Amino acid sequence: MLDVYAFATPNSVKVTIALEELDLPYTLHRVNVHKGEQKSPKFLALNPNGKVPVLVETDKAEQAFSLTESAAILVFLAEKTGRLLPTQGEARARVFEQLFFHASGLSPAFGQSGFFQRFAATPEPIALERFSTEANRTLHVLDTVLEKNRFVAGDEFTIADIVHFGWLWRRGFPNITLDDTPHVARWYADIESRPAVQRGIARIEALVPQD
């Protein structure tokens with residue numbers, strides 16, 4: 001049994017997309033980060049870092065395994081099913097190259113750029129320029145990769161595509177567009193059109209309260 005604790009965030013949508021792509025049944029639990037529920041004692045027992053998403057797998061003996069960090073969750077699911085992650089060689093290395101590029105580059109740049117544009121208590125021009133520039137730079141790096149490849153790690157759709165898609169799905173947060181990155185735009189449209197991706201997005205968007 002798989003339980004996912006999540007909200008409508010770039011990192012959370014990666015997990016629901018992966019689960020839909022892998023045809024794995026799961027139960028989705030809302031953790032409303034707008035209300036600070038990720039800092040509650042109950043949630044911190046699942047993830048002391050206080051961030052979504054969290055995946056909990058419970059086996060037949062009712063032993064629970066809890067895993068945090070979206071990229072780690074995707075690797076776990078891919079290895080569990082034998083799908084969306086090559087098993088060896090250069091193809092596998094390219095997937096991990098993109099996973100780490102996302103974790104060290106694109107994701108923090110997008111997140112920090114959005115934070116300083118929207119939530120900083122006082123204007124921080126240096127920080128805003130630093131992270132906005134870095135967000136656009138990493139996006140252009142990805143465009144260079146996709147100029148040569150159909151998908152971010154080569155010719156096959158993998159979990160590397162899913163991790164990048166999560167933040168590009170929420171690119172409005174850091175005020176990023178795909179106007180100057182045509183290869184990313186082509187790739188994004190291809191990923192967005194996948195039925196499993198659409199289902200994963202719909203599940204996550206349904207977590208947002210309508211009132």
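All values derive from a computational prediction rather than experimental measurement.
- Side-chain atoms of Thr9 come within 3.5 Å of backbone N or O of Ser12 as a donor-acceptor pair.
- Taking the ring pair (Phe, Tyr, Trp, His ring centres under 6.0 Å) definition, one finds that Phe110 meets it with nothing, sequence neighbours left out.
- Annotation: side chain of Leu139 is in contact with side chain of Leu178 (closest heavy-atom distance under 4.5 Å).
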Passes side chain to side chain donor-acceptor pair (under 3.5 Å), Lys14 versus His164? Steps please.
CA-CA 9 Å; Lys14 302 170 190 177; His164 283 311; over 6 Å; no
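- Counting non-hydrogen atoms of neighbouring residues, nucleotides and ligands closer than 6.0 angstrom, the CD atom of Gln112 exceeds 12 such neighbours.
- Linking Ile, Leu, Val, Met, Phe, Trp and Tyr whenever their side-chain heavy atoms come within less than 4.5 Å puts Phe76 and Leu24 in one cluster.
- Taking the ring centroids of Phe173 and Phe115, they lie at or beyond the 6.0 Å cut-off.
- A heavy-atom distance below 4.5 Å is found between the side chains of Ile162 and Leu84.
- Under a 3.5 Å cut-off, the side chain of Arg186 and the backbone N or O of Leu146 do form a donor-acceptor pair.
- Side-chain contact between Leu28 and Tyr5 is absent, with no heavy-atom pair separated by less than 4.5 Å.
- The two residues Leu207 and Ala6 come nearest to each other via the heavy atoms CD1-O, 3.6 Å.
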Contacts under 3.5 angstrom, residues 44-62 side chains, donor-acceptor by atom type, not counting sequence neighbours:
residue, atom, partner, partner atom, Å
Asn47, OD1, Asn49, N, 3.0
Asn47, ND2, Lys51, O, 2.8
Glu57, OE2, Lys80, NZ, 2.4
Asp59, OD1, Ala61, N, 3.0
Asp59, OD1, Glu62, N, 3.0
Asp59, OD1, Gln63, N, 2.7

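- Between Phe165 and Tyr188, the ring planes lie parallel to each other; the angle is under 30°, not in the 30° to 60° tilted range.
- Closest approach of Val197 to Glu21, counting heavy atoms only: CG2-OE2, 3.6 Å.
- One finds the CG atom of Leu74 at 8.0 Å from the CG atom of Leu99 (value rounded to the nearest 0.5 Å).
- Sorted by first and then second residue, the side-chain hydrogen bond (donor to acceptor under 3.5 Å, both in side chains) pairs with a member in residues 23-37 read Asp3-His29, Glu20-Tyr26, Tyr26-Arg203; sequence neighbours excluded.
- Listed here is the closest heavy atom pair of Pro86 and Arg92: O-NH1, 3.0 Å.
- Taking a 6.0 Å sphere around CD of Gln117, one finds it holds more than 12 heavy atoms contributed by other residues, nucleotides or ligands.
- Residues Leu77 and Ala18 come closest through the heavy atom pair CD1-CB, 4.4 Å.
- For residues 139-150, no residue pair satisfies the side-chain hydrogen bond (donor to acceptor under 3.5 Å, both in side chains) rule, not counting sequence neighbours.
- When the side chains of ILVMFWY residues are joined at heavy-atom separations under 4.5 Å, either directly or via intervening members, Val145 and Leu85 end up in two distinct hydrophobic clusters.
- Glu134 contributes atom CD, which lies 4.0 Å from atom CZ of Arg137 (distance to the nearest 0.5 angstrom).
- In the hydrophobic clustering, Phe101 connects to Val141, either directly or through intervening members, whenever side-chain heavy atoms lie under 4.5 Å apart.
- We find the CD1-CZ distance between Ile176 and Arg170 to be 15.0 Å, quoted to the nearest 0.5 Å.
- Using a 4.5 Å heavy-atom cutoff, the side chains of Val13 and Ile201 are in contact.
- A chain of hydrophobic side-chain contacts below 4.5 Å, direct or via other Ile, Leu, Val, Met, Phe, Trp or Tyr residues, connects Leu106 to Phe100.
- Looking at heavy atoms from C-beta onward, Ile191 lies in side-chain contact with Phe157 at the 4.5 angstrom threshold.
- Rounding to the nearest 0.5 Å gives a distance of 12.0 Å between CG of Asp155 and CZ of Arg94.
- Heavy atoms of other residues, nucleotides or ligands lying less than 6.0 angstrom from CD of Glu90 number 12 at most.
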Without placing hydrogens or testing angles, list every side-chain donor-acceptor pair under 3.5 Å for residues 122-132, not counting sequence neighbours.
residue, atom, partner, partner atom, Å
Ser132, OG, Ser113, OG, 3.2
Ser132, OG, Leu128, O, 2.9

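- There is a path of hydrophobic side-chain contacts, each under 4.5 Å, that joins Val75 to Leu19.
- The minimum heavy-atom distance between Ala153 and Thr158, with the atom names listed, is CB-OG1, 4.2 Å.
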